[in-house]
Structure formats: structure tokens, C-alpha cells
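See below for the structure under consideration.
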Number of protein chains: 2
Amino acid sequence: MGRAPSIEDEALLKQLTEVFRRSGYEGASLTALSSASGLHRASLYHRFPNGKPAMAAAVMASVEQIFSDILDPLMSEDDPSTAVAEMARRVGAFYDDGRLACVLDTMTLRGAPDDIRARATHLATTWLTAMAEIARRAGASEEDAARRARTALVLIEGSLVVARVLDDPAEFRLALAELPQTLIGGPGNAG
Amino acid sequence: MGRAPSIEDEALLKQLTEVFRRSGYEGASLTALSSASGLHRASLYHRFPNGKPAMAAAVMASVEQIFSDILDPLMSEDDPSTAVAEMARRVGAFYDDGRLACVLDTMTLRGAPDDIRARATHLATTWLTAMAEIARRAGASEEDAARRARTALVLIEGSLVVARVLDDPAEFRLALAELPQTLIGGPGNAG
DNA sequence: GTCTATATTTGGATAGAC
DNA sequence: GTCTATCCAAATATAGAC
């Protein structure tokens, strides 16, 4: 067995993810990724022999894993309202209360590899499906449930942009607080 | 007088703006800016002696000008509902029906110069103020008007992200279509 | 005002010692 | 597994001809 890594895979991915989220794919330089992780550039290449595209792919895979946890309450929790509230809590933690951008936003600008953009599209679809399902379970029609899910995603992504631009997390917090209402509340739904 | 420019300032700014909107500040390489404008890199430096930061600053100034036109109906048009509809139409044109991202999003990632980010913040504030004013004029309380304006901005920015990620302008079109409702419709307002 | 040519720096990537 | 040293390409920027 070789020498133990100075930073475990999970912690490493977390640091790399943060850089990609803050700077976007092209803005995430090897220098930035290196200093964030504490590993020299050559060490990053040892972990990711295919370089920056591989790092970005690993980040996307990591985020997919994190989202499977974020969305888990929507499947496992019986009460839809409780389920959405718990999902909102986990979303808030992942976005560090609005201080971190979404990979769906920063990894889909021109310059990002096609496979990364495709993964972002897939992640968005997964998220939308899970949110639509909980709305459906709370009594919404299929059409209304799909609409509510899209609105929820728009509010989360938009509030993250606004929070960044205004340097104020208030809008993001509000979007999360209203998520149960957005997905399962109001007219036409039992929630 | 010297030789006439091969591309007029206005057209040049439009091309540069598109690159910055698609790629973000760091992703907008001189090569990309050059091929989009049809000018060689050295010619871009002739127009902007302070290089890429100056190009980005000029782009922000240009966008500020465009927004003063986009927001003009909110001041000059008597009927709030008509005013918002016309603003929405101009917003749709500026974002090319959801195909172009917002500078508020792409120019505020890490790596963009501080003064560019500050201009983005200022632009967002100007936009919010103008939208809050029309909501106020339509009968909303000051608090409700401010809330509606923030929601409108969140919906526009979020729907642009979602439209890009899903490669489908539908969500953006919907956000624009519902803008009158968002700003001046519903309970608690005369619109 | 635009061009070709070139300088300089940064970013991405590799080789080989430890 | 991480490091120093190095290579190569791309990005930013400048000089000077036309």
C-alpha cells in the first residue's frame, strides 16, 4: 500500500467543488484549485490523470451524490410538508446560506466541456422530477406539479444570483422558507 | 482625421457584450473577443488601451445604457400594466428570448474585477428601484412594491439560468409573460 | 485604425526525485 | 502520494509597419 493521501478524496472534492462553483469552469485555474486543496498542481494530476476536465467531472459526480442525499427526504419522509422543509434545510446547507453558487449556473457557461454541461442538464432534470413527485404526492395534478417544480428551481437559482449580486443572502433564505408553499401549498393543492 | 473604424463603437460593444455574457469575465478570451468583433487583438487594444478590464467596463456602461431604455416605459407610460408589458418585451429582446445570459450572473463570478462587480450591483439596484416604483404607482405599499420587484428580478435571473441549463427558453418566456402579474397583479394591488 | 510580429505571463500538463 | 523542475500552449499585452 502506498503513502496515505494528505487530503482525503471527500475533503478534496469539497474544496475543488467550491472553486468551480465560485469561478466557473474556465475561471477555475489549476493554481486556484491547487491553493484551495493544499495540493501542488502535479499532485492534482496524480489524483486526476486526465486533468481539469476530470476534476470537473469528479465534482459533478460528487454533487450528484450530494443531491441524492438532499432529495432523499422527498422519498423517505411521509408528510410532504415536512419532506420539503427538510429538503430546503439541506439545500440551504449545500449553498452555504446563499454564499456559494450553483454548478447548474457556473458550470454551464461557454467553455465548459460538453459532458459537464450534459451532466448539469441531467442533474436539473433529476431535481425537477423529485420536486414534481412530492407536489404530486401532496395532491397536485401532474401538470400543476411539474409547474411547481420548475417554479421552485427558478426561485432557487434566481435567488442565488440575486444574493450574489447584492451580496445579501436574504433573497435566498426567503426562497427556501417559501419552498413548502411553492411546491405543495396554495390553491389547487391539499398541502 | 484618421481612418474610419471598420466596426462602429455600438456594433463593437454589442459583439463584446455577447461574448462576456456567454462566457463570463474570465472565459471571455481576447481571441474570442477578437473573432466575435472581427478585429485583431492589437486593434482591440487600440480601442481599449487598458485591455480586457476596460472592455468589460465599456460593456457594463453599454448595458447600463441599454437598461435605461428598457426601463424607460416604466417612467413614461401612464398605464402601469402597459408599462410593465412593454418593459417585458424589451427585456425579452435584450436576452434574445432567453438565449443570452445576464451580465449580473456571468460578470459576478470570482475573477471579475471589483469595479465590474460593483457596477453589476448598481445595475441590479437601479432595476429593482424602477420595478418597485411601478408597483408602487399601481397601488402597492412600499414594502409590497419592494418585495414584488425582488421577486421579479429573481424570476428573470432564475429563468435565464434554467433556460440555459435545459436548453429551452420556455421558462424565461413564462417569467416575462407573468411579469405584469408579478409586479402589479394579484391581491393587495389595484393592477 | 488595422495589421503582423513579438514579448510576457499565466494556465495546463509531464518527468522524475523523494 | 507529494514534491520540484520543466515543457508547451494559450492568454494578455506591446511595438512598429502600413
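Residue numbers begin at 1 in each chain, while the letters A, B, ... track the order of the sequences.
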Polar contact flag, side-chain donor to acceptor under 3.5 angstrom, A/Arg117-A/Thr108: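 On atom types as modelled, these side chains do not qualify, holding no pair under 3.5 Å.
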Say whether A/Ser141 and A/Asp144, considering side chains only, have a donor N or O and an acceptor N or O under 3.5 Å apart.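 Absent: no donor and acceptor within the cut-off.
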Residues in contact with DNA chain C, drawn from residues 106-120 of chain B - heavy-atom cutoff 4.0 Å: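 Result for residues 106-120 of chain B: none.
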Determine, for nucleotides 11-18 of chain C in 5'-to-3' order, which nucleotides have protein heavy atoms under 4.0 Å from the base (write B), from only the sugar-phosphate (write S), or from neither (write -). SBBBB---
Is the shortest side-chain N/O distance from A/His46 to OP1 or OP2 of D/dT2 below 4.0 Å?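 No, no such contact exists.
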With respect to the phosphate group of D/dT2, does any side-chain polar atom (N or O) of A/Ser6 fall under 4.0 Å of OP1 or OP2?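 For D/dT2, OP1 or OP2 has a side-chain N or O of A/Ser6 closer than 4.0 Å.
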In whole angstrom, give the distance that lies between atom [atom1] of [X] and atom [atom2] of [N].
X       : N      : atom1 : atom2 : answer
A/Leu39 : D/dT4  : CG    : C1'   : 15 Å
A/Glu8  : D/dT2  : CD    : C1'   : 14 Å
B/Leu44 : D/dT14 : CG    : C1'   : 14 Å

Nearest-0.5 Å distance that lies between atom CG in B/Leu166 and atom CG in A/Leu128: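 The distance works out to 6.0 Å.
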Output the distance between atom CZ (B/Phe48) and atom OG (B/Ser43), rounded to the nearest 0.5 Å.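 Answer rounded to 0.5 Å: 12.0 Å.
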Among A/Val19, A/Leu13, A/Leu12, find the one that has a side-chain contact (heavy atoms from CB on, under 4.5 Å) with A/Ser37.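 The option that passes is A/Leu12.
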By the definition side-chain contact (heavy atoms from CB on, under 4.5 Å), identify the one residue from B/Val154, B/Leu155, B/Leu153 that meets it with B/Thr151.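 Of all the options given, the one that passes is B/Leu155.
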Residues A/Glu171, B/Arg147: salt bridge by 4.0 Å N-O rule: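 Yes, this pair counts.
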From D/dC3, C/dG1, D/dT2, pick the nucleotide closest to the side chain of A/His40?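 Of all the options, the side chain of A/His40 is nearest to D/dC3.
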Name the orientation class of the two ring planes belonging to B/Phe20 and B/Tyr25 (parallel below 30°, tilted from 30 to 60°, perpendicular beyond 60°).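 Answer is parallel, since the angle falls under 30°.
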